[in-house]
Amino acid sequence: VIRASTAARVAIWPNETYTELIHENRSASWWRALVVPLVTAVTIGASTTITATGVASLVSIGIGALSWSFVPVIQLANGLLLCRRPPRGPTDRARAIELFFQAHLPWSLWMIGVALVLLWRPQESMAIESLLQTTAVPIAWTGVIVRSFCVTVLGCSPGQASWRALVYLGITLAVMFMYLFLAVGLWPRIVGALS
Amino acid sequence: VTPARLVALAILVCALVAATLIDERALAARAPHQDNMLEADLHVHAFPGDGALPRWELQREAARRGLDAIVITNHNQVIAPRFGDFIDTSNVIVIPGEEITTPAFHLVAAGIREKVDWRLPLPDAVAEIHRQGGVAIAAHPVSWSWQPRDEESLRVLDGLEVAHPSMLFDPPAATDVIELFARAQAAKPSVAAIGSSDGHVKPGIGYCRTYVFVEERSERGVLDAIRRGHTVASDGHGALTGDPERVRLARSRIAAAPPVPTNAAPRLYATIALLALAALMVTK
């Protein structure tokens with residue numbers, strides 16, 4: 001009746017699941033590869049909209065998904081970079097991206113969890129910053145999955161896989177930091193703090 | 001596909017459809033205030049930036065909260081109010097603006113079209129806002145975000161945020177701001193009392209708000225009323241600041257307003273939708 005999804009198995013047993021997936025005799029298609037990024041855009045749209053409004057209207061979620069769709073696009077670019085010149089030799093790029101996006105669960109569940117917490121917190125409690133500290137969990141968890149993806153799908157050695165995973169996480173964090181840097185006007189605040 | 005996944009999908013669709021029907025009905029039933037007392041949130045953050053919602057959804061959310069006007073004020077940029085401004089999703093007036101974030105002060109510039117450089121000193125920044133036809137409002141003027149306290153600096157302002165969510169949790173800061181407002185009024189009697197949510201994600205927009213007494217229902221009408229100081233600031237907890245006669249009018253509006261809905265049904269549907277989405281992700 002209930003079976004774990006591929007993303008759930010990848011999140012819990014990344015090595016075993018990725019090994020199983022690359023041995024599946026399945027043709028690659030970009031359409032299938034882009035389904036998870038689309039679901040990710042909807043998840044971001046739903047969680048941001050519900051957090052800010054408390055409403056799960058299809059119109060509102062659609063607006064949110066459309067607005068935040070640049071996030072999976074950046075992840076797609078980062079994923080393509082990660083899959084560049086794999087040691088195992090030329091792998092079908094669409095299939096590699098499809099498997100790479102199976103690592104979405106830690107962030108997706110984190111966004112849904114934060115939305116649920118904020119939905120039921122009293123309006124007066126403002127400490128969203130404390131919830132932001134919990135991003136350490138999806139960051140570390142995704143790092144572990146991506147490293148496993150590099151070993152099993154791309155054929156990297158454990159050392160190479162660690163480097164690729166670190167570069168991937170570094171790019172993700174750098175993009176997040178740059179967005180925040182510009183969005184909150186961080187530079188004037190730093191100047192103010194220093195002076 | 002297992003039965004568990006089909007059930008999760010069915011629950012998700014039902015929750016989304018129910019939430020949409022309730023929301024659209026509520027939005028359609030919501031009538032804007034017909035008299036000359038508009039309710040405005042003059043300090044709101046939007047996407048793209050550090051706000052969660054884009055302009056389109058902010059307009060709808062403002063309508064849900066019974067607001068007639070909002071000012072989109074992202075830090076040191078004016079892109080967000082222009083993002084998708086060719087579509088109006090409700091009859092709420094959206095005024096473009098900026099929160100000029102500098103090392104010494106945070107200043108809301110309402111009604112401007114071009115970015116004001118954060119490196120300008122306060123008098124020059126205010127002069128630039130006025131040149132563009134906007135108004136300058138001291139944003140959450142507590143010690144960490146507002147250093148200019150001399151009479152000259154207070155005199156150039158059009159308004160001062162005397163009600164802001166952060167002040168609710170910091171009574172000494174609130175007292176300090178009320179004293180600063182009294183000094184600003186002594187320097188310039190027409191300085192407007194402003195209540196703003198500074199909404200990013202939570203608390204939502206309209207939590208603190210400003211009652212604006214306009215001569216015309218438009219961006220110009222709102223900005224003119226602020227220039228003349230025809231406003232009352234509300235902290236959302238019953239405290240109103242402004243001219244006593246206007247405070248009386250605002251209090252009558254609040255007393256006559258129907259009770260605020262509990263939002264229990266929309267929140268329940270939102271919870272079910274989120275849990276069903278999570279179930280879809282973890283089941284096959």
Side-chain angles (χ1 to χ4, degrees), chain A residues 1-9 11 39 42-43 46-61 63-64 66-68 70 104-105 108-109 111-113 115-116 118-126 128 179-180 182-195, chain B residues 2-5 15-17 19-20 22-24 45 47-54 56-57 60-61 64 74-77 83-84 89 99-104 118-119 165-166 168-169 199-205 207 263 266-267 269-275 277-278 280-284:
Chain A
V1 177
I2 300 176
R3 276 162 60 203
S5 67
T6 307
R9 286 187 298 127
V39 172
V42 172
T43 307
S47 51
T48 52
T49 304
I50 290 172
T51 300
T53 68
V55 171
S57 151
L58 280 166
V59 181
S60 305
I61 290 172
I63 290 173
L66 191 65
S67 305
W68 289 93
F70 77 96
H104 74 94
L105 203 66
S108 295
L109 290 183
M111 283 187 289
I112 291 171
L116 280 170
L118 289 176
L119 186 62
W120 289 98
R121 267 163 75 130
Q123 181 84 308
E124 286 77 8
S125 49
M126 290 185 56
I128 289 175
Y179 186 85
L180 279 175
L182 295 171
V184 304
L186 194 58
W187 183 241
R189 293 174 200 259
I190 292 171
V191 172
L194 293 176
S195 61
Chain B
T2 59
R5 194 164 217 209
L16 291 177
V17 169
T20 306
I22 288 179
D23 190 43
E24 294 303 318
H45 292 262
F47 170 91
D50 59 347
L53 304 175
W56 308 312
E57 186 55 25
R60 287 162 54 84
E61 178 63 359
R64 287 184 195 110
N74 276 14
H75 298 282
N76 299 340
Q77 54 120 317
F83 186 75
T89 52
E99 181 176 356
I100 305 166
T101 305
T102 82
W118 64 267
R119 284 165 288 240
S166 67
L168 293 170
F169 311 107
H200 293 76
V201 183
K202 267 203 155 185
I205 64 170
Y207 186 73
N263 282 339
R267 277 206 294 176
Y269 288 129
T271 305
I272 293 169
L274 286 170
L275 291 173
L277 185 62
L280 270 178
M281 284 177 183
V282 298
T283 60
K284 192 166 190 167

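Keep in mind that what you see is a predicted model, and the values were worked out from it rather than measured. Numbered from 1 within each chain, the chains take letters A, B, ... in sequence-line order.
For A/L116, the parts sitting under 4.5 Å from any heavy atom of chain B are the backbone and the side chain alike. Proximity to chain A is limited to the side chain of B/L53, based on heavy atoms less than 4.5 angstrom apart. Looking at B/D23, the atoms closer than 4.5 Å to chain A (heavy atoms on both sides) all sit in the side chain, from C-beta outward. With a threshold of 4.5 angstrom between heavy atoms, A/I61 approaches chain B through side-chain atoms but not through N, CA, C or O. Neither the backbone nor the side chain of B/A104 comes within contact range of chain A; no heavy atoms are under 4.5 Å apart. Only the side chain of B/N76 comes within contact range of chain A, with at least one heavy atom under 4.5 Å from a heavy atom of that chain. With a 4.5 Å cut-off on non-hydrogen atoms, A/L182 touches chain B through its backbone but not through its side chain. Neither the backbone nor the side chain of B/E99 comes within less than 4.5 Å of any heavy atom in chain A. Contacts of B/T283 with chain A are made by both backbone and side-chain atoms, with heavy-atom separations under 4.5 Å. Within the 4.5 angstrom heavy-atom criterion, only side-chain atoms of A/I50, from C-beta onward, approach chain B.
Around OH of B/Y269, the count of heavy atoms belonging to other residues, nucleotides or ligands within 6.0 Å does not exceed 12.
Contact between A/A183 and B/G49 at its shortest, heavy atoms only, is CB-C, 3.5 Å.
A distance of 12.0 Å separates CD in B/E57 from CG in A/L66, rounded to the nearest 0.5 Å.
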With side chain to side chain donor-acceptor pair (under 3.5 Å) as the test, would you mind laying out the steps for A/W120 and B/T271 before giving the verdict? CA-CA 9 Å; A/W120 289 98; B/T271 305; 2.8 Å; yes
Go through the steps to decide whether B/R64 and A/S60 satisfy the test side chain to side chain donor-acceptor pair (under 3.5 Å), and finish with yes or no. CA-CA 12 Å; B/R64 287 184 195 110; A/S60 305; 3.0 Å; yes
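Using a 4.5 Å heavy-atom threshold, the side chains of A/V39 and B/M281 count as touching. In this structure, B/R60 and A/S57 have side chains that are in contact, with non-hydrogen atoms separated by less than 4.5 Å.
For chain A, the option among B/R267, B/Q77, B/E61 with the highest count of heavy-atom pairs below 4.5 Å is B/R267. Ranked by heavy-atom pairs shorter than 4.5 Å toward chain A, the options B/E24, B/H75, B/H200 are led by B/H75. Interface remark: of the candidates B/G51, B/A52, B/G84, B/A52 forms the most heavy-atom pairs closer than 4.5 Å to chain A.
With sequence neighbours excluded, no residue forms a ring-ring contact (aromatic ring centres under 6.0 Å, His included) with A/H104.
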